[in-house]
Amino acid sequence: MTDYPTIKMLIGGEWVADGGAGTMPVVNPATEAVLGQCPKASTEQLDAALAVADEGFAIWSRTPGIERYRILRRAGELLRERAPEIARVITAEMGKPHAQALPEVSVSGDVIDFLAEEAKRQGGRLVPVRSASLLSQQVTHEPVGPSVLLTPWNFPVNLAARKLGGALAAGCSAILKPAEDTPASAQLLVECFVDAGLPKGVLNLVYGDPGPVSEHLIASPITRKVSFTGSTAVGKHLGALAAQGMKRFTPELGGHAPVVIGESADFERTVAACVGGKFRNAGQVCVSPTRFLVARGIYDKFVSEFAAQAQAIRVGDAGADESVEMGPLAHERRVAAMQAVLDDLGGESGEVVTGGSTVANTNGFFFQPTVVANPGPDSRLMTEEPFGPIAGIVPYDSIEDAVLIANSLRYGLASYAFTSSLDESAYLGRALRAGMVAINHFSVSSPETPFGGIGDSGFGSESGEEGYLGYTETKLVTVGKAGI
Ligand code: NAD
């Protein structure tokens, strides 16, 4: 990419190209070419960001909601206007096709719009008093304070937009630390807020080694809220650090979404939706469908049709070829992770029906769309989030058995089902244990609805009204009659 941006941090309204702790290369995962160098913040630069975020909070939390709304709405508009250019940077940094990167950016504008509007809508409430001596009981939602937002590389604009939209709409200041793999995507998002007129210090952007940077930011007494999207293991570690300072924490972690496919499901539509859902973003999606539980009567037909469609997916460098449907994995570690999943399929039972290896004779971190029939119940594929282009398919004999398998893991982000039976969809909607259940489709993410999981997938929600309230603290102000 010839016009890859110069990566800069934003501290107190100043763009800073020099990282006090050096630089790290940003690599195009489709070609392994170095796109640019990302500055790494020193401890002094992190402390400077914290100090200005503290000052920014004092300004922004007192800014009327309507003013916050106007600036954020403008940021959302700028993001939609710049979507084609930003989408190209996403493709270069993490490999997804333009046709997936473009809607990621424009929907992020809609997410910011919705959360901005909450700044006008969330007026708190008046609660009737129990005694004649009381005049009022008012419940308000106060911004929680400077917020540290830690975002991953798989949706580098959308996941940052959800957090920034909620934090800034609610009146918090923020320090964004995006993934080291995708700094420019996040930077272009931040530029939209700056160009929309956000006051200096309200939004700050830093990069660096994720462990030490996150730990330093979370430990600071200035930080009042931490929001993290990433793996369950890291989420638990960061949650423990946040708890030591009694800081609000929203973890949006991994998942291992089951899909229950009933005999009555519209077969052609269901297979096409499942293949599209599974291999979107090369399977690197926290709500990616990963465990396909298929009624025994249609199991063989489902496996063979699913595998045929998976095999037909065009894999390659999406930045160089617009017809590519699935790009590379984000970095080399993911390729090794795919191989590890396939090395443990549960003894005799698992069979690789298609795929199963890297793509030969090419640079880049590619892995073939892979379908495994009948992996063992204790295999890695059926128990650990694959976070890549591998699908496991197993048969079930009764809908109750399917629910038992679906609910057998500690994850609980998304669960899906395909059926034409009203009774079955009502039962599955109730019985599937997850933060989000979608029946006959895979769309669980919209600006207006809460997105979040339970169990090892985390807690709290982003987007929707909940995405705003997560950056607030509830406060009661009650007034009695003077002199009584
Ligand atoms: P990884 O754990 O190295 O990195 C994942 C993300 O966590 C990156 O954004 C990274 O910057 C951040 N991170 C890593 N260690 C951290 C630390 N100590 N403190 C703060 N942040 C830290 O793994 P990976 O191979 O890049 O990604 C794959 C794994 O990450 C998968 O298992 C998946 O569950 C998880 N992941 C989840 C999501 C999601 O949307 N929930 C997104 C990306 C990655």
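Atoms within each ligand, like the ligands themselves, are counted from 1 in listed order.
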For [Y], is there an ion pair with [X] - N to carboxylate O distance below 4.0 angstrom?
X: D209; Y: K177; answer: no
X: D3; Y: R88; answer: no
X: D344; Y: R380; answer: no
X: E473; Y: R248; answer: no

List the closest protein heavy-atom neighbour of [atom]: residue, atom name, distance to the nearest 0.1 Å.
atom: atom 1 (P) of ligand 1; result: R333 NH2, 4.2 Å
atom: atom 11 (O) of ligand 1; result: E180 OE1, 2.9 Å
atom: atom 38 (C) of ligand 1; result: F387 CZ, 3.6 Å
atom: atom 5 (C) of ligand 1; result: W153 NE1, 4.2 Å
atom: atom 17 (C) of ligand 1; result: V234 CG1, 3.5 Å
atom: atom 22 (C) of ligand 1; result: P210 CB, 3.4 Å
atom: atom 34 (O) of ligand 1; result: E385 OE1, 2.3 Å
atom: atom 18 (N) of ligand 1; result: G211 CA, 3.4 Å

Proximal ligand 1 atoms for [X], defined as those under 4.0 Å from one of its heavy atoms:
X: T229; answer: 39 (C), 40 (O), 41 (N)
X: T151; answer: 9 (O)
X: E252; answer: 41 (N)
X: L253; answer: 41 (N)
X: S214; answer: 19 (N), 20 (C), 21 (N)
X: A179; answer: 9 (O)
X: G230; answer: 35 (C), 36 (N), 37 (C), 38 (C), 41 (N)

Practice task
Mind checking whether E215 contacts ligand 1 via backbone (N, CA, C, O), side chain (CB onward), both or neither, at a 4.0 Å heavy-atom cut-off?
Solution key: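 No part of E215 comes within reach of ligand 1.
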Exercise for the section: Under 4.0 Å, heavy atoms only, figure out whether ligand 1 is touched by the backbone of S231, its side chain, both or neither. Expected result: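 For S231, the contact with ligand 1 is made by both the backbone and the side chain.
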Would you check whether [X] reaches within less than 4.0 Å of ligand 1, judged by its heavy atoms?
X: F155; value: no
X: Q284; value: no
X: V285; value: no
X: L150; value: no
X: K177; value: yes

Exercise for the section: Give a yes or no answer on whether the side chain of S288 reaches the backbone of Q284 with a donor-acceptor pair at less than 3.5 Å. Expected result: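 Pair absent, no side-chain N/O of S288 close to backbone of Q284.
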Handout entry: Donor-acceptor contact present, side-chain T91 to main-chain A87, <3.5 Å
Key =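 Yes; judged by distance alone, with no hydrogens or angles, the pair exists.
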Taking atom [atom1] of [X] and atom [atom2] of [Y], what is their separation to the nearest 0.5 Å?
X: K247; Y: I218; atom1: NZ; atom2: CD1; value: 8.0 Å
X: S463; Y: F114; atom1: OG; atom2: CZ; value: 8.5 Å
X: L428; Y: R430; atom1: CG; atom2: CZ; value: 9.5 Å

Practice task
Would you mind telling me which of E462, E466, K225 makes a side-chain hydrogen bond (donor to acceptor under 3.5 Å, both in side chains) with T250?
Solution key: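 Among E462, E466, K225, the one that satisfies the side-chain hydrogen bond (donor to acceptor under 3.5 Å, both in side chains) with T250 is K225.
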Handout entry: side-chain hydrogen bond (donor to acceptor under 3.5 Å, both in side chains) pairs, two or more places apart, involving residues 101-111
Key =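 Listed once each, the pairs are R80-D110, K96-E104, S108-N158.
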Polar-atom distance check: [X] versus ligand 1, any N or O pair below 3.5 Å?
X: H331; answer: yes
X: N154; answer: yes
X: H237; answer: no
X: L238; answer: no

Practice task
Please determine if R334 forms a cation-pi arrangement with F367, meaning its NZ or CZ atom is less than 6.0 Å from the six-membered ring centre and no more than 45° off the ring axis.
Solution key: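 Not flagged: R334 not positioned over aromatic ring of F367.
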Exercise for the section: For atom CG of D321, decide whether the heavy atoms of other residues, nucleotides or ligands shown that lie under 6.0 angstrom number more than 12. Expected result: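 Yes, the 6.0 Å shell around CG holds more than 12 heavy atoms from other groups.
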Problem - Whether F387 and W153 hold their rings parallel, tilted or perpendicular, with breakpoints at 30° and 60° - result: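 Answer is perpendicular, since the angle exceeds 60°.
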Practice task
Check the angle between the aromatic planes of F306 and F279 and answer parallel, tilted or perpendicular using the 30° and 60° thresholds.
Solution key: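 Tilted.
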